[in-house]
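First comes the structure, then the notes that go with it.
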Amino acid sequence: MYNCWVSNTGYDTSGAKSGSGPWHVWEDALSVPELLDMLGTPDASLLPGLLESPKEGFLRWAVDYVAEKTAVDCVFVGELTGADFDRVDALVIESDGMCPDEFSYDLLGTPCQEVLSKDLCYCTHNVAAQFPDDPLLIDMGIEAYMGLALLDEHGLPLGIIVLLHSSALSDEEARSAGALLRLLQPRLEAELRYRRAMQTMKIVASTALSAGGTMRQLVSTLVEVTRMKCVYVAIHDQGESSGGLAQIVASNWEYGGTISIADGPCAELAVGGTIGIHDNVRDNYQLEYLEVGKAQAFFAVAIANPDGGLLGHVGLIHDRPVHVDVVTLPLFQLVVERMAAELCQREVEKRRLVLERRLAKRQHHEGLGILAGGIAHDFNNLLVAISGPAEIIRMKVGENVEIGDNVETILEATQQAANLCSQLLAYAGHKPANKEHFDLNDLISCSQRIATMYTASQCTLGYQLSQSGLSVYGSQIEVQQALMNLIKNAADAIPGRGSIRIETEMVERSAESFANAIVGTFLGSGHYACVRVIDTGVGMSDDQISNVFGRYVTTKETGHGIGLSVVISGIEEHGGALEVESEVGVGTTFSIFLPISGQKESPDIEADDSSIAVNGERAVLVIDDDELVRRVLTSMLSHAGVGSLLASGGSEGIAVFKKNYRSIDLVILDYTMPGLKGDRVIVALREITQKVPIVLVSGNIDTEIVNNFKEPPDAFLGKPFSNQELMKTLSSFGVISAVKPTQK
């Protein structure tokens with residue numbers, strides 16, 4: 001049986017007055033033989049013509065054939081057009097001059113509007129009176145009307161075939177004409193589908209597959225392919241359907257901005273998946289964009305990002321039920337793939353811009369680091385020129401307390417300036433090259449005067465140090481710098497009166513106990529030297545704790561130093577851990593854990609006039625481009641009874657060494673100099689002789705750089721170094737003899 005298709009949903013028919021007068025809806029389900037019987041004996045050309053493949057001339061043949069067999073005044077086949085498919089464009093017309101060769105009209109208020117919702121309808125007489133809003137009927141003087149909807153494979157209207165007559169038709173004539181249209185209907189629909197497919201292919205070829213096709217053009221293409229009322233493309237803000245929101249980037253309807261997907265039909269959309277709701281979507285999801293689109297049917301297809309995650313989706317909305325899954329159309333899939341490529345390209349471009357910004361920021365940081373390193377190098381040279389003479393003066397002042405106190409103030413200020421240089425070097429990414437075994441308690445005890453300078457007058461600074469020694473291995477300067485930063489941070493966190501307490505102890509920790517540490521989450525079980533900085537300040541929330549160690553982050557009204565990132569880098573360098581406990585309004589505790597070295601530091605040697613014995617008439621070669629440094633080192637060596645040879649650069653130093661190496665006990669070599677740097681000078685000196693020890697000095701060098709020298713130095717001194725450190729180095733190589741070692 002050939003069943004008549006009747007829509008039970010339909011288009012808006014408010015402009016028509018159906019169901020009254022001679023307007024009929026043909027709902028009979030008749031077989032092909034029954035239809036042929038109603039027609040009588042058809043022409044021999046009818047059935048073969050219906051069986052032919054789609055061709056451009058069939059519509060003309062069909063219109064002419066219907067006009068001849070029904071004897072009506074006008075027959076035309078029209079195609080639905082317009083943004084909302086609310087117009088009809090006549091494709092083929094046979095009217096014997098009654099109608100123009102080409103015309104189009106709005107559906108609203110015409111009998112064709114009712115035909116598209118009720119399939120096959122006819123009016124045998126007085127049709128113009130029933131549709132007074134249709135000027136075409138009135139102008140042409142039409143009395144009788146018949147129309148048949150032509151549908152696509154999904155049951156959506158593609159077009160219509162219409163019969164018009166200036167005089168009334170009998171019921172028998174109407175039934176015979178209806179039977180003929182029924183017989184022609186499948187073939188006419190096939191022609192329109194073929195026509196639509198060819199048009200779509202052209203659109204796809206010119207728009208969807210071209211590099212210049214914009215997203216809005218792709219949306220228009222998808223509307224043409226699917227015949228849906230609304231199509232949009234959205235990017236999920238968080239890359240997952242659970243993200244909750246999506247941003248519409250293109251659509252063919254007046255809706256933009258952000259839509260909810262967590263509460264919408266796309267909530268369960270997965271990568272490579274589709275969603276199809278054929279009817280009553282608004283009853284299940286009360287969402288603004290579905291209301292705006294007057295949604296009844298809803299379809300969505302996922303779009304994957306370059307990493308295979310969910311990037312977004314294509315949504316399709318129709319204002320009436322659609323009972324066939326339109327997303328299975330090959331052309332639909334082709335256009336969606338092009339949309340996916342466009343969105344992925346946008347995502348790649350977005351990532352490229354992010355990477356470019358990161359690179360620019362990194363280059364900016366590297367530039368600042370180079371600048372900081374250069375400043376630290378020059379500043380350290382000045383500090384050597386200040387601290388060296390001050391230490392010599394301290395050894396000679398004797399009982400003059402006032403001069404001695406002033407010298408001590410100079411040396412303390414020099415030490416603070418050296419700490420500042422260390423911070424600049426840490427900011428620049430440099431690591432100290434001189435590491436040694438030292439006692440953490442001794443370091444804290446020696447740093448009490450400096451710590452007091454870091455705290456405000458209203459802060460009480462207290463100590464609770466362990467009775468046993470806490471020997472660790474590393475850079476005393478860097479550990480002291482980390483500790484001073486924490487003390488300064490604690491002082492800044494106390495708005496009024498408060499207290500800061502420094503505690504040390506040896507602790508035994510398991511590997512699992514470091515799971516929540518800021519640094520050192522992968523440390524193993526063992527014994528650690530622990531130092532805690534406890535304040536009664538304003539405290540921090542969990543969010544503040546997670547962000548406070550950023551290089552440019554501060555919770556203060558005015559920032560100080562270069563932030564707690566210096567603490568992080570110092571602890572990481574020493575293979576330690578850092579934990580933070582804080583409560584808003586109560587205070588904060590920073591806990592540093594450093595591995596126990598298992599060794600104790602040997603007593604330092606303090607050199608003075610009576611503790612030095614000159615080793616013959618030997619000399620030390622000083623190679624440094626800074627004149628002040630050369631003068632200070634000459635003075636310090638002279639005070640120790642050691643002669644000196646001077647060179648202002650690498651090339652000059654090599655020449656002096658080559659001429660005098662047999663009388664040179666030791667070389668003090670600066671690393672950063674114009675021309676030849678220290679590592680290349682060492683290679684040249686070693687080629688002359690391997691016997692003379694070389695001590696490299698610098699305030700701007702990484703440990704890793706020194707370790708990777710082709711010819712490493714015999715020792716390293718970080719600028720600024722004290723007279724005591726210089727004398728200890730000279731003693732270790734036998735340049736001087738220490739006869740009166742004293743405890744520090």
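Numbers here are sequence positions counted from 1. Fair warning: this is a prediction, and the values are worked out from it, not measured in the lab.
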Side-chain heavy-atom pair Val507, His527 within 4.5 angstrom cut-off:
no

To the closest 0.5 Å, what do you measure between OG1 (Thr521) and CG (Leu523)?
7.5 Å

Can you confirm whether Ile623 sits close enough to Glu652 that some side-chain heavy atom of one is under 4.5 Å from a side-chain heavy atom of the other?
no

Less than 4.5 Å apart, side chain to side chain, heavy atoms only: is that true for Thr589 and Val580?
no

Where is the tightest heavy-atom contact between Val533 and Ala490, given as atom of each residue plus distance?
CG1-CB, 4.2 Å

Is Ser635 reaching over with its side chain to a backbone N or O of Arg631, donor-acceptor style, under 3.5 angstrom?
no

Strictly distance-based, threshold 3.5 Å: is any side-chain N or O of Asp535 a donor or acceptor partner for the main-chain N or O of Ile494?
no

Distance-only polar pair, side chains of Ser499 and Thr460, donor-acceptor under 3.5 Å:
no

Specify the closest pair of heavy atoms between Leu646 and Val656, including all atoms of both residues, with the distance to one decimal.
O-CG2, 4.4 Å

Aromatic ring centroids of Tyr528 and Phe514 under 6.0 Å?
yes

For Leu669 and Gly678 the tightest heavy-atom approach is CD2-O, 3.4 Å

Do you know which two heavy atoms are closest between Leu470 and Ala529, and how far apart they sit?
CB-CB, 4.0 Å

Is the centre of the Phe709 ring less than 6.0 Å from the centre of the Tyr671 ring?
yes

Within this structure, what is the CZ-CZ distance for the pair Phe657 and Arg662, rounded to the nearest 0.5 Å?
10.5 Å

Got a salt bridge between Arg686 and Asp679, using NZ or NE/NH1/NH2 to carboxylate O under 4.0 Å?
no

Closest heavy-atom pair and its distance - Leu676, Ser651:
CD1-OG, 3.8 Å

Rounded to the nearest 0.5 Å, what's the gap from CG on Leu443 to CD on Gln476? Could you check?
5.5 Å

As a test of understanding, state which of Leu486, Leu461, Thr536 forms a side chain to side chain contact (heavy atoms under 4.5 Å, CB included) with Ile500.
Leu461

Taking the side chain as every heavy atom from C-beta outward, state whether Leu730 and Leu637 have any pair of such atoms under 4.5 Å apart.
yes

Looking at side-chain heavy atoms only, is the closest gap between Thr634 and Val622 below 4.5 Å?
no

By the definition side chain to side chain donor-acceptor pair (under 3.5 Å), identify the one residue from Glu579, Glu581, Glu505 that meets it with Arg532.
Glu505

Check the pair Glu503, Val531 against side chain to side chain contact (heavy atoms under 4.5 Å, CB included), reporting the backbone distance first and the verdict last.
CA-CA 6 Å; Glu503 296 180 355; Val531 55; over 6 Å; no

Strictly distance-based, threshold 3.5 Å: is any side-chain N or O of Thr504 a donor or acceptor partner for the main-chain N or O of Ser466?
yes

Report the distance from atom OG1 of Thr729 to atom CD of Gln724, rounding to the nearest 0.5 Å.
10.5 Å

Heavy-atom pair of closest approach, residues Met636 and Leu726
CE-CD2, 3.8 Å

Taking the six-membered ring of Phe593 as reference, does the cationic atom of Arg509 (NZ for Lys, CZ for Arg) lie under 6.0 Å from its centre and within 45° of its axis?
yes

Backbone N/O of Gly539 and side chain of Ser582: donor-acceptor pair under 3.5 Å
no

Kindly indicate, with the supporting measurements, whether the criterion side chain to side chain contact (heavy atoms under 4.5 Å, CB included) is fulfilled by Tyr463 and Gln448.
CA-CA 9 Å; Tyr463 295 87; Gln448 288 187 22; 3.5 Å; yes

Pair Ser648, Asp625: side-chain N/O donor-acceptor within cut-off below 3.5 Å
no

Walk me through it: do Ile736 and Met727 pass the test side chain to side chain contact (heavy atoms under 4.5 Å, CB included)?
CA-CA 8 Å; Ile736 64 173; Met727 295 303 108; 4.0 Å; yes

May I ask you to say whether Asp626 pairs ionically with Arg630, meaning some side-chain N is under 4.0 Å from a carboxylate O?
no

Side-chain donor or acceptor of Ser445 paired with backbone N/O of Asn441 under 3.5 Å:
yes

Nearest-0.5 Å distance that lies between atom CG in Asn660 and atom CG in Leu621:
8.0 Å

Starting at CG of Leu578, measure out to CD1 of Ile518 and round the result to the nearest 0.5 Å.
6.5 Å

Any heavy-atom pair between the side chains of Pro595 and Val472 that's under 4.5 Å?
no

Going through the distances and angles, do Ile668 and Val697 end up as a side chain to side chain contact (heavy atoms under 4.5 Å, CB included)?
CA-CA 7 Å; Ile668 297 177; Val697 296; 3.9 Å; yes

Side-chain heavy atoms of Phe716 within contact of Val695, under 4.5 Å
no

Could you check if a side-chain atom of His574 sits within less than 4.5 angstrom of a side-chain atom of Val479, using non-hydrogen atoms only?
yes

